[in-house]
Amino acid sequence: MTKQLLKNGDVIDLAGQVSADSIRVPAATPFTEIQTGLLTQELKQKTVLLEFSNFADGRGFSLAKMLKRDLPSSTTLAATGAIIPDQVALAWQCGFDSIIVSDELWHRCGPDSWMV
Amino acid sequence: MYQYNEVDQITVDDRCREFRDQVERRIEGTLSEAEFKPLRLMNGLYLQLHAYMLRVAIPYGVLNSIQLNKLADISDKYDRGYGHFTTRQNIQFNWPTLEEVPDLLEELATVQMHAIQTSGNCIRNITSDPLAGVAADEEVDPRPICEWLRQWSTLHPEFRYLPRKFKFAITGSANDRAAIKVHDIGLRLRKGPNGDPLIDLWLGGGQGRTPKIAQLFKQGLTVEQLLPYLEATLRVYNLHGRRDNKYKARIKILLAETGLEALQAQVQEEYEALDKSPFVNSVAELKALYPHFAQPLVDVAQASEIANVIDEKLSGEEVARWYKQNTRDHKLAGFRSVMISLKPAGGIPGDATSAQMRALAAIAKRFSRDELRVTHRQNLILPWVAEKDLYAVWLALREIDLAESNIDLPSDIIACPGMDYCALATARSIPVAQDISKAIRKTELQHDIGKLAINISGCINACAHHHVADIGVLGLDRAGVENYQITLGGRSDENARVGERMGPGVSADELPATIERVVKFYIKERRDDETFSLTYDRIGKTEFKTAVYGVAE
């Protein structure tokens with residue numbers, strides 16, 4: 001089961017698909033494209049899923065900072081994909097509201113290691 | 001010098017615990033080697049040819065005696081009784097095992113030291129003028145800004161996974177001793193109108209396989225603007241720096257591919273858009289750092305009076321040569337900076353034994369306000385020596401074989417660890433440096449030759465700054481045989497430029513004689529006190545090339 005980590009330390013089990021009203025954005029997408037894309041969808045999404053393709057690629061952290069100043073406060077910004085436990089604290093500091101961790105990653109890294 | 005506050009100490013202690021946990025997870029296998037690698041690198045831990053190597057940060061090259069004593073203990077306990085000072089004003093220890101590194105880091109933390117961000121694709125240890133705060137020609141003391149940027153860049157959440165490493169160097173003097181134009185960002189501090197400095201930002205310098213001299217990117221930033229501007233610059237780099245090829249990932253390539261004006265516009269746009277609220281207290285924080293670097297109150301009359309008496313003792317030939325070559329003018333009357341050469345005859349450039357480190361710590365404590373500096377030429381400095389103490393300091397240094405009077409002379413060679421330690425090396429550097437040093441010393445002309453920089457890198461990554469030396473040597477592997485390419489006429493100062501490559505490389509055996517020919521040619525051709533680079537410019541590559549290959553003798 002996929003896990004959703006929240007800033008306050010809570011972990012939610014997500015059965016099946018993440019939220020239906022979410023949009024998945026690769027963290028390698030140029031910021032201007034994301035901006036335009038989100039604007040055309042009138043920022044209606046409740047969740048923007050910023051997907052890291054590789055944990056060593058830190059673009060998502062900068063994008064989070066930039067997106068947070070454009071997104072309405074009702075929108076949740078979530079990190080997903082190749083994130084490791086050592087990046088959880090960074091994600092919170094860069095403005096992510098939650099982190100969605102695959103079942104495989106959750107268990108391989110050890111559930112304890114995700115609790116920062 | 002700066003003393004940690006509670007937050008600094010907590011940060012470093014937390015990082016020690018975090019790294020211990022990461023090592024444990026690696027050993028038990030919940031962290032893969034691919035995941036562990038960037039984490040250990042961000043803690044300065046490299047896997048070298050034969051073993052691990054730990055690089056310890058010495059922020060802007062400043063050390064006290066307690067720290068140096070600890071480094072001596074660490075070199076005995078985890079290395080083989082040596083520490084190796086680097087061109088990044090850091091110190092490296094070879095041979096620690098992975099399991100003992102967390103203990104080593106805990107020991108460092110007890111003396112306000114760490115290995116955070118001494119490697120990895122993040123903002124590295126900030127370097128500066130080794131004579132910061134004491135140089136006679138200094139306009140602005142760069143140390144408060146260095147410390148401020150150290151705090152800003154340490155564990156910055158956004159810039160830990162950059163496309164590639166990122167190096168800052170800072171100077172407050174027109175005579176650049178920090179090589180700011182061969183760094184990703186070089187800051188030149190100038191006196192501003194209201195007591196605060198104004199900052200010129202040079203961007204896109206670097207060495208490695210594509211050497212570039214930095215371009216003036218933004219002139220006259222105020223201290224209020226500096227951190228948000230740097231944040232905008234790093235953000236643009238983080239998003240747009242290339243990640244498809246690590247050899248094209250530094251900001252120098254982004255600058256070359258984007259163009260100066262376009263990149264300036266991108267940074268400016270982000271600078272204007274970014275949230276300035278996190279920076280509202282930053283200037284107050286900078287100002288709170290100034291007292292850490294206050295000039296000492298000294299009795300000038302007393303210092304100079306006694307100095308006159310001591311002058312006679314300094315007239316002996318050996319000590320007089322040392323005084324001329326190894327001491328520098330000071331900001332304060334009655335004081336001098338004493339440079340300590342880590343390039344004795346037959347030695348390994350930049351190496352100090354634990355016994356030497358302990359003795360130096362004692363000398364610094366007694367004679368230099370408990371402070372030492374590490375230079376990017378791999379030497380050390382006692383920055384606060386009263387003239388009246390110079391003779392005693394010389395005697396104490398001679399006692400530990402560290403009174404060699406060759407600072408800035410041809411035998412003051414920069415060399416990387418090369419094939420003797422480094423996993424990236426394509427040739428040996430240390431033995432080659434020793435051979436060249438021997439050949440140069442044999443001529444007994446060193447003091448007549450004067451200032452001349454010979455830098456030897458054991459691979460294209462250019463850790464020993466061969467591109468910006470008067471005589472640069474690059475060791476390569478040509479079908480299993482070491483081959484050394486010569487570049488001439490480089491400079492790392494305020495007129496920095498990349499040296500020109502002469503032609504085919506020479507063998508290790510031929511190298512000392514080759515260098516000797518170049519040096520002799522320079523002495524023959526130079527006019528009065530003309531520097532190597534000026535002579536090179538006047539005479540030209542063709543003539544010097546002839547000297548390199550020894551055709552027309």
Side-chain angles (χ1 to χ4, degrees), chain A residues 7 25-35 50 52-71 73 77 79 81-97 99 101-116, chain B residues 11 14-15 17-19 21-26 28-32 34-43 120-123 155-164 166 228 231-244 246 249 266 269-278:
Chain A
K7 244 179 180 170
V25 181
T29 317
F31 176 66
T32 44
E33 254 176 59
I34 302 179
Q35 248 181 339
L50 209 51
F52 287 66
S53 61
N54 173 353
F55 76 96
D57 182 339
R59 277 178 283 192
F61 297 113
S62 284
L63 280 178
K65 283 226 167 173
M66 296 166 85
L67 282 172
K68 275 312 260 189
R69 70 181 179 229
D70 285 354
L71 290 170
S73 56
L77 183 64
I83 290 258
I84 57 174
D86 307 86
Q87 294 174 319
V88 171
L90 312 187
W92 301 147
Q93 290 177 74
C94 289
F96 284 104
D97 301 298
I99 301 169
V101 184
S102 74
D103 194 40
E104 186 273 326
L105 209 53
W106 179 265
H107 287 289
R108 184 169 63 76
C109 297
D112 289 349
S113 65
W114 293 98
M115 303 305 184
V116 180
Chain B
T11 306
D14 282 351
R15 192 67 197 96
R17 274 191 292 278
E18 190 183 3
F19 191 66
D21 171 62
Q22 287 165 345
V23 169
E24 281 166 11
R25 278 152 56 212
R26 174 66 202 119
E28 75 194 18
T30 56
L31 263 183
S32 71
E35 286 160 346
F36 180 61
K37 189 179 172 191
L39 301 176
R40 71 165 158 76
L41 287 177
M42 265 184 264
N43 260 292
N121 295 335
C122 50
I123 300 173
L155 305 179
H156 196 299
E158 189 180 342
F159 306 133
R160 301 270 281 282
Y161 296 87
L162 295 169
R164 197 77 177 85
F166 205 97
E231 197 125 328
T233 308
L234 267 292
R235 186 169 293 165
V236 167
Y237 170 59
N238 193 27
L239 288 175
H240 302 297
R242 286 181 61 172
R243 290 175 188 266
D244 59 328
K246 72 181 240 188
Q266 285 177 23
E269 191 188 344
E270 181 52 32
Y271 171 73
E272 279 160 21
L274 68 70
D275 177 14
K276 310 285 189 305
S277 64

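Chain naming here is simple, since letters A, B, ... match the order of the sequence lines and numbering starts at 1 in each.
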How long is the straight-line distance from [atom2] of [Y] back to [atom1] of [X], given to the nearest 0.5 Å?
| X | Y | atom1 | atom2 | value |
| --- | --- | --- | --- | --- |
| A:Phe31 | B:Glu270 | CZ | CD | 7.0 Å |
| A:Ile84 | B:Gln22 | CD1 | CD | 7.5 Å |
| B:Arg235 | A:Lys65 | CZ | NZ | 5.5 Å |

Go through the atoms of [X] and report whether side chain, backbone, both or neither lie under 4.5 Å from a heavy atom of chain A.
| X | value |
| --- | --- |
| B:Ala273 | both |
| B:Glu231 | side chain |
| B:Leu234 | neither |
| B:Glu28 | neither |

Nearest heavy-atom pair of [X] and [Y]: which atoms, and what distance?
| X | Y | result |
| --- | --- | --- |
| A:Phe55 | B:Pro38 | CE1-CG, 3.5 Å |
| A:Arg108 | B:Ser32 | NH1-N, 4.0 Å |
| A:Arg59 | B:Asn238 | CG-O, 3.2 Å |
| A:Ala56 | B:Arg243 | O-NH1, 3.7 Å |

Need one label for A:Arg69: side chain, backbone, both or neither, based on atoms under 4.5 Å from any heavy atom in chain B. side chain

Side chains of A:Gln87 and B:Arg160 in contact at under 4.5 Å (non-hydrogen atoms): no

Answer whether the closest heavy-atom distance between the side chains of A:Asp86 and B:Met42 falls below 4.5 Å. no

Crowding at NZ, A:Lys68 (>12 non-hydrogen neighbours, <6.0 Å): yes

With chain A as the partner, which of B:Leu155, B:Val236, B:Leu39 has the greatest number of non-hydrogen pairs under 4.5 Å? B:Leu39

